[in-house]
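What you see is a predicted model, and the numbers here were worked out from it, not measured in a lab. So that the names make sense, note that chain A is the first sequence line, chain B the second, and so on, each numbered from 1.
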Number of protein chains: 2
Amino acid sequence: MVDAAGRRRDARQAGAAMKSRDAGPTLKDVAALAGVHPTTASRALDPAKSHLVSEETRQRILQISAELGYQVNAMARSLRTGSSGLIGMVVADVSNPFLPPILRAIEHVIRHEGLMLLIAETHDDSRTMQEILGHFARRRVDAIILSAAHQGDLEVVRAAAASTPVVLAVRSVDGGKFPTVTHDDRLGGRLATQHLVELGHQDVAQLRGPEDVSSFSGRSAGFYSVLAETTAREVGSGLVAASPTVEEGRRLTAELLAAPGDRPTAIFAHNDQMAVGAMDALREAGLSCPRDISIVGYNDAPLADHIDPPLTTIRLPAAELGRRVARLALEQLSEEPVDTSTVRLPPELVVRRSTAPLTA
Amino acid sequence: MVDAAGRRRDARQAGAAMKSRDAGPTLKDVAALAGVHPTTASRALDPAKSHLVSEETRQRILQISAELGYQVNAMARSLRTGSSGLIGMVVADVSNPFLPPILRAIEHVIRHEGLMLLIAETHDDSRTMQEILGHFARRRVDAIILSAAHQGDLEVVRAAAASTPVVLAVRSVDGGKFPTVTHDDRLGGRLATQHLVELGHQDVAQLRGPEDVSSFSGRSAGFYSVLAETTAREVGSGLVAASPTVEEGRRLTAELLAAPGDRPTAIFAHNDQMAVGAMDALREAGLSCPRDISIVGYNDAPLADHIDPPLTTIRLPAAELGRRVARLALEQLSEEPVDTSTVRLPPELVVRRSTAPLTA
DNA sequence: TTGAAAGCGGTACCAA
DNA sequence: TTGGTACCGCTTTCAA
């Protein structure tokens with residue numbers, strides 16, 4: 001067996017039988033076997049420049065490259081060209097059911113352009129986010145898609161944006177000038193609340209997510225904007241979940257039901273998990289949904305249509321959002337002037353059986 | 001404003017106002033400002049070697065580095081050291097609900113070691129998988145975690161493993177010698193089927209996932225192994241889903257119910273989505289679960305405990321599986337002899353209300 | 001159409 | 001403890 005490179009093989013003699021995987025052919029190897037200069041080999045293998053090489057030598061190089069199983073070293077290339085071909089994506093939590101469809105759309109667009117997506121989770125921890133942004137900076141990602149921002153992260157995001165283009169997805173940040181694609185949480189909150197009011201409900205509660213996340217503050221704003229236009233009123237205003245989980249939804253609702261004073265006849269939960277938790281709490285209190293209390297969720301999570309009762313909820317335009325975010329991120333790669341406006345896609349109301357007219 | 005590097009700034013004059021983000025300080029800049037050789041700066045910034053530098057100069061270098069906001073160029077470093085610090089993870093579909101907890105565990109371990117996880121989806125398409133493996137190869141990932149393999153991918157995986165250590169997760173591949181961590185699908189299939197048989201069911205059907213995926217063939221094997229030990233028999237053996245979705249579960253079950261001959265009194269669905277689809281089909285046929293037919297799912301997806309009726313299912317040891325996979329992948333980075341044995345973690349049965357004793 | 005030289009930003013190795 | 005040199009693998013620029 002001929003060793004094209006003839007380097008580093010002595011290690012075999014010295015050490016114990018090492019895996020032979022370490023080396024891998026380089027462009028130099030390909031060039032040597034083809035009897036050309038590395039530059040020529042480089043040109044032949046680059047579709048954008050292969051026209052500079054005679055058809056004959058091009059074919060020879062291509063064939064040898066294939067025979068050797070040559071794969072360019074992306075790090076060497078990136079170092080030289082200044083572009084890593086990586087887009088960094090920061091999410092709060094992959095298991096949040098609205099994310100996968102968005103990720104899928106983004107990845108589709110990104111990979112179509114020959115780039116790769118680097119995904120990392122913050123678990124809504126600001127320090128973790130900073131760590132991740134550091135990683136991304138060191139890897140010289142070409143752009144960052146950030147869908148894990150809290151309002152308090154403004155300065156951190158600004159710092160990251162100083163060295164790498166940043167696009168905000170899903171969650172916006174006030175005060176910064178970042179290109180953003182989200183969906184209209186305020187409208188979503190309005191749709192949910194309006195639906196309840198139209199069903200005749202006058203005593204409405206909401207289960208709020210953390211208010212320093214734009215998604216949740218937007219939903220709250222929508223909720224209040226509808227109340228302001230009607231005679232309906234909020235019951236129990238302090239219901240903010242530390243994290244918007246099933247368990248928190250259950251706990252907050254149990255508190256709400258146990259509190260003295262009026263009981264709501266409808267609840268707007270800021271996501272489906274909390275809505276489901278609310279259902280649990282009702283059941284434990286001997287109440288029934290929707291007979292005693294109507295519930296609206298948010299996100300239209302998988303199986304939300306199969307729970308008992310099927311959940312009325314708000315659906316996001318996930319695929320469209322993902323595509324837009326990806327395209328926006330790609331636009332940042334060119335030297336064009338950056339559009340820092342915010343795109344807000346409209347969500348829609350999905351009516352199922354967890355909501356019903358108020359029974360006098 | 002002083003430019004430490006003094007390079008490439010003329011571009012500003014020439015072109016239109018460009019983003020000033022392109023440059024970023026280099027090690028050379030740090031060294032120059034600190035009045036030392038780049039080598040010394042490199043050592044000072046590497047915790048493993050900073051003891052080779054006098055405390056005084058070390059502090060100076062650290063401070064200047066911080067002031068400049070210096071971030072090492074990971075590509076340059078990797079090129080020289082031969083290690084990219086990336087682990088490539090190939091999954092079939094991020095939205096598959098059993099994945100996020102596994103990803104989380106893997107990411108936790110990986111990031112703890114200072115590495116990053118590169119995640120890509122195949123959508124169960126073999127060509128896409130090859131593309132992804134190509135990407136990973138070019139980026140010189142230090143190891144690949146593959147949880148998207150089909151039995152037919154043996155050669156492709158082997159090829160990838162020739163240049164990069166590969167660890168199989170969740171799905172195993174017959175015939176190759178790859179270190180593997182999965183859970184025991186055969187046992188899971190047995191637990192589900194045994195549960196049904198113990199409830200008195202004699203006419204049992206299964207909704208099978210694609211049989212070229214080890215997860216599903218394992219579950220089938222478990223199913224049949226229990227039948228062979230009892231007097232129970234399978235109803236309608238040809239029920240293989242093209243993809244294991246709610247809709248496919250509904251369709252196959254509708255077919256099953258419409259077929260002439262005996263009707264099963266229990267169904268083992270190879271995942272929760274198909275189980276839910278089966279429930280839909282029952283309802284459409286005017287039947288009730290579990291009164292007429294008991295149903296067992298697989299994976300214990302989020303909200304599986306809240307659907308109507310709450311789903312009896314099999315739960316995977318996701319976090320443990322993720323940790324093991326990650327550790328196994330990290331082990332491959334050292335030159336140790338590789339352990340190619342397969343670890344199979346035990347799943348557990350979660351009994352809810354979609355299964356009930358056979359009513360004579 | 002091809003080649004030569006330089007350099008991207010670091011680190012390994014050896015010398016001082 | 002510090003510096004000098006070479007080089008990781010590729011692409012760019014300029015010359016032939």
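In terms of the salt bridge (charged side-chain N to carboxylate O under 4.0 Å, His left out) criterion, residue partners of B:R324 (sequence neighbours excluded) are, by chain and number, B:E320. Annotation: side-chain hydrogen bond (donor to acceptor under 3.5 Å, both in side chains) contacts of B:T182 (sequence neighbours excluded): none. Remark: A:T340 engages no residue in a side-chain hydrogen bond (donor to acceptor under 3.5 Å, both in side chains) (not counting sequence neighbours). Applying the salt bridge (charged side-chain N to carboxylate O under 4.0 Å, His left out) rule to A:E55 yields the partners A:R58; only residues at least two apart in sequence or on another chain are considered. Applying the side-chain hydrogen bond (donor to acceptor under 3.5 Å, both in side chains) rule to A:R43 yields no partners; only residues at least two apart in sequence or on another chain are considered. Applying the side-chain hydrogen bond (donor to acceptor under 3.5 Å, both in side chains) criterion to B:Q151, with sequence neighbours excluded, gives no partner residue.
Heavy-atom distances to DNA chain D give each of A:L79 and B:H51 a nearest nucleotide, and the one nearer the 5′ end belongs to B:H51. When each of B:V53 and B:R140 is assigned the nucleotide of DNA chain D with its nearest heavy atom, B:V53 is the one assigned upstream, toward the 5' end.
Judged by distance alone, with hydrogens and angles left aside, the side-chain atoms of A:S334 form a donor-acceptor pair with the main-chain N or O of A:E331 at under 3.5 Å.
Residues from residues 54-63 of chain A lying near DNA chain C, meaning a heavy-atom separation below 4.0 Å, are A:S54, A:T57 in numerical order.
In the helix from C:dT1-D:dA16 to C:dA16-D:dT1, the end axes, each obtained as the rotation axis mapping the C1' atoms of four pairs onto the next four within a five-pair block, lie 40° apart to the nearest 10 degrees.
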- Item | Footprint string (nucleotides 11-16 of chain C, 5' to 3'): B base within contact, S backbone only, - free, heavy atoms under 4.0 Å | BBB---

Using a 3.5 Å cut-off and no angle test, enumerate the donor-acceptor pairs between side-chain atoms of residues 72-80 of chain A and protein atoms at least two apart in sequence or in another chain.
from: A:N73; atom 1: OD1; to: A:M75; atom 2: N; distance (Å): 2.9
from: A:N73; atom 1: OD1; to: A:A76; atom 2: N; distance (Å): 3.1
from: A:S78; atom 1: OG; to: A:A74; atom 2: O; distance (Å): 2.7
from: A:S78; atom 1: OG; to: A:S83; atom 2: O; distance (Å): 3.1

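Listed by first then second residue, pairs satisfying side-chain hydrogen bond (donor to acceptor under 3.5 Å, both in side chains) with a partner in residues 129-139 of chain A read A:R138-B:Q71, not counting sequence neighbours. Identified under the side-chain hydrogen bond (donor to acceptor under 3.5 Å, both in side chains) test for residues 114-127 of chain A, with sequence neighbours left out: A:E121-B:R104, A:D124-A:H150, A:D124-A:R171, A:D125-A:T128, A:S126-A:D153.
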